S.K.: 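Mind looking over this structure? Questions follow.
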2 protein chains.
Amino acid sequence: MLRTNLDFLSFIERFCREIESENISLKSFKPGYRLIEQGDKISNIYIIKEGISKCFISEENGKDFIIEFLGKGEVVGELEALKKIDCLCNVAAISEVTAYVIPDHVFLSLIQKSSEFTTILLQELSTRIIQTSTRASFQQLYTVEYALLKLLQLQANESISLSKDDMAAYLGISVRSFNRSLKQLIEKGNQDRPEFKNMLQTANIKKLVDRLK
Amino acid sequence: MLRTNLDFLSFIERFCREIESENISLKSFKPGYRLIEQGDKISNIYIIKEGISKCFISEENGKDFIIEFLGKGEVVGELEALKKIDCLCNVAAISEVTAYVIPDHVFLSLIQKSSEFTTILLQELSTRIIQTSTRASFQQLYTVEYALLKLLQLQANESISLSKDDMAAYLGISVRSFNRSLKQLIEKGNQDRPEFKNMLQTANIKKLVDRLK
DNA sequence: TTCTCGCCGAGACAAATGTCCTTTTTTATG
DNA sequence: CATAAAAAAGGACATTTGTCTCGGCGAGAA
């Protein structure tokens, strides 16, 4: 859910040290700032060095769907560079974010020149397909309650905690539904539903739930 | 929705002609046959030469979710080869399917040796991410009715017609809901809802709807 | 022709979800 | 500390969706 790719990051950091010029820069963004706006044309790709951002689609009916949360080493804008298309998602910083800004021609030439880089990129794209497909299936076919439980576990594992709005947008539901499901989950945890109780007893998840009240 | 990739197909056909040996074979599969079973280990990738198949995840609660329909030039098993993992989807032939069967080591060495091939593969993976993400967002945030309408349009464009079961599995809903939504759509088409009427008047879509009664 | 089996569609009901609006809580400010 | 303003939570209702079930219809066998 919070994707990271340390291979990518270390490759790029090495590359930057070697080839100083090449107009690669490191920029910082305040929480909430939109690195990328859906529909824009861009000519850079970004690789996150620090912080967490969210990648989300805004539909015409006014609703947002969060595709993924991006952490260290995740790349953004590469699909647009590869396929020469306008941005299909928004990307916004959640925490303070610093990222390498790389002109797309540098990115594309890296693919040509470095098979190591290409390998890392192929791995990254594969991972995305797997995660996106798996999640789409899970969220379509299971109840919100299960999806929410899974989302809490993921956050506990990654030691992050998202806002309610973001969680609802990730689950593709309204905040109202989110609140309802959360309440039900807590009730079931206090009763003796084994599936729920065990998971909700975990210290990390308890903390998360407490914060949400 | 029905993905195809003619670049991929023509590359592979050329490659087969050049390097006869290499134990690449061409196999045929009857409708319904499962080329790939979720959870299996495989050591081949498949490239579809003819016919249509469906790629779907079977969840533990017994429900299926169709990730995509695959036509000419689509590749299957490449994620498993790239990431050395067990199969994450089932793939089943819908019509009679013929496909090139390529040992994964041949596939992997092609990536090393041919930058043309790698480019095609990068394009393919990018397309998948885009389509999967876009669809997940759309299906989560719009009503089933809209998703169904879109699905009918897609089928009309591609000149294919799917079974009700498959359409429901693609939309991630029960057949009961599918029937209900279809009925409502038809009613709205007969009344004067401009958004629906116009689309449902298209000859191709009419045919599809008629077939579904 | 008639009977049976199996499939498909739809009714009835329960559960889940969204929307709208009121109530409660939090935050900011004098 | 008091009060107003803003944000979050939750109730009520309508709509959507899933499950279970029954009844109709057609294909095939006697």
Side-chain angles (χ1 to χ4, degrees), chain A residues 31-32 57-66 94 135-152 161-191 193 195-196 208-213, chain B residues 31-32 57-66 136-152 161-191 193 195-196 208-213:
Chain A
I57 293 182
S58 297
E59 296 286 351
E60 292 183 2
N61 62 6
K63 298 178 180 178
D64 289 346
F65 181 75
I66 295 181
I94 289 183
R135 174 157 83 102
S137 174
F138 188 88
Q139 290 194 357
Q140 286 282 339
L141 300 184
Y142 282 89
T143 62
V144 169
E145 211 162 286
Y146 270 100
L148 171 57
L149 187 56
K150 196 167 185 178
L151 179 55
L152 290 173
S161 65
L162 301 168
S163 74
K164 283 192 177 187
D165 284 345
D166 283 347
M167 283 192 257
Y170 185 80
L171 296 172
I173 60 176
S174 64
V175 176
R176 183 72 190 88
S177 295
F178 176 89
N179 280 325
R180 245 187 311 234
S181 300
L182 183 65
K183 202 172 202 177
Q184 286 170 352
L185 208 55
I186 294 172
E187 275 170 22
K188 289 184 185 169
N190 291 335
Q191 296 160 16
R193 309 296 194 86
E195 335 87 275
F196 294 100
L208 273 175
V209 172
D210 284 347
R211 187 181 56 86
L212 298 167
K213 247 194 340 161
Chain B
I57 293 182
S58 297
E59 297 286 352
E60 291 183 2
N61 62 7
K63 298 179 181 178
D64 289 346
F65 181 76
I66 295 181
S137 175
F138 188 88
Q139 291 194 357
Q140 285 282 339
L141 300 184
Y142 282 88
T143 62
V144 169
E145 211 162 287
Y146 270 101
L148 170 57
L149 187 55
K150 197 169 185 178
L151 179 54
L152 291 172
S161 64
L162 302 168
S163 74
K164 284 192 177 187
D165 283 345
D166 282 347
M167 283 192 256
Y170 186 80
L171 295 172
I173 59 176
S174 64
V175 177
R176 182 72 191 88
S177 295
F178 176 89
N179 280 325
R180 243 185 314 232
S181 300
L182 183 66
K183 201 174 203 175
Q184 285 170 352
L185 210 55
I186 293 172
E187 274 170 24
K188 289 184 185 168
N190 291 336
Q191 297 160 13
R193 308 297 194 84
E195 335 88 275
F196 294 100
L208 273 176
V209 172
D210 284 348
R211 187 181 56 87
L212 297 166
K213 242 192 346 164

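So that the names make sense, note that chain A is the first sequence line, chain B the second, and so on, each numbered from 1. Keep in mind it's a predicted model, so treat the numbers as computed, not measured.
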S.K.: Could you tell me the separation between the CE atom of Met167(A) and the CG atom of Leu212(A), rounded to the nearest 0.5 Å?
M.R.: 4.5 Å
S.K.: Rounded to the Å, how far apart are Tyr146(B) OH and dT15(D) C1'?
M.R.: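 My rounded result for the distance is 16 Å.
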S.K.: Arg180(A) side chain: which of dT17(D), dG10(D), dA12(D) is closest?
M.R.: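 Closest nucleotide to the Arg180(A) side chain: dA12(D).
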S.K.: Rounded to whole Å, how long is the line connecting atom CG of Asn61(A) with atom P of dG18(C)?
M.R.: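 Spelled out: CG on Asn61(A) to P on dG18(C) is 12 Å.
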S.K.: Name the closest nucleotide to the Arg176(A) side chain, picking from dC20(D), dG11(D), dG18(C).
M.R.: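 For the Arg176(A) side chain, the nearest candidate turns out to be dG11(D).
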S.K.: Apply side chain to side chain contact (heavy atoms under 4.5 Å, CB included) to the pair Leu152(B) and Leu185(B), showing each step before the final yes or no.
M.R.: CA-CA 11 Å; Leu152(B) 291 172; Leu185(B) 210 55; 3.9 Å; yes
S.K.: Kindly say if Lys164(A) contacts the phosphate of dG10(D), meaning a side-chain N or O under 4.0 Å from OP1 or OP2.
M.R.: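 No, Lys164(A) has no side-chain N/O under 4.0 Å of OP1/OP2 on dG10(D).
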S.K.: Rounded to whole angstrom units, what separation is found between the CD atom of Gln184(A) and the P atom of dA16(C)?
M.R.: 6 Å
S.K.: What is the distance, rounded to the nearest whole Å, between atom CE of Met167(B) and atom P of dG9(C)?
M.R.: 11 Å
S.K.: Over how many whole Å does the gap from Gln139(B) atom CD to dT17(D) atom C1' extend?
M.R.: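 For the pair Gln139(B) CD and dT17(D) C1', the rounded distance is 15 Å.
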S.K.: Please answer whether the main-chain N or O of Tyr142(B) pairs with a side-chain N or O of Asn61(A) as donor and acceptor at a distance below 3.5 Å.
M.R.: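 No, the answer is negative, given that no donor and acceptor are paired below the 3.5 Å cut-off.
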S.K.: Do Phe178(A) and Leu171(A) have side chains that get closer than 4.5 Å, going by heavy atoms?
M.R.: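 When only atoms from C-beta onward are counted, Leu171(A) and Phe178(A) do touch, with a gap below 4.5 Å.
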S.K.: Rounded to the Å, how far apart are Asn179(A) CG and dT24(C) P?
M.R.: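 To the nearest whole Å, that distance equals 16 Å.
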S.K.: Does a nitrogen or oxygen in the side chain of Ser174(A) sit under 4.0 Å from OP1 or OP2 of dG18(C)?
M.R.: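 Affirmative; the distance criterion is met.
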S.K.: Under 4.0 Å: is that the gap between some side-chain N or O of Lys63(A) and OP1 or OP2 of dT17(C)?
M.R.: no
S.K.: Please work out if Val144(B) contacts a base, only the sugar-phosphate, or nothing of the nucleic acid, heavy-atom cut-off 4.0 Å.
M.R.: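 It contacts sugar-phosphate atoms only.
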S.K.: Check whether any side-chain heavy atom of Glu59(B) sits under 4.5 Å from a side-chain heavy atom of Phe65(B), and report yes or no.
M.R.: no
S.K.: Using whole Å, report how far CG of Leu171(B) lies from C1' of dT17(D).
M.R.: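 Distance check: Leu171(B) CG to dT17(D) C1' gives 13 Å.
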S.K.: Rounded off to whole Å, could you give me the CG-to-P distance for the Leu148(A) and dT17(C) pair?
M.R.: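 Atom CG in Leu148(A) sits about 11 Å away from atom P in dT17(C).
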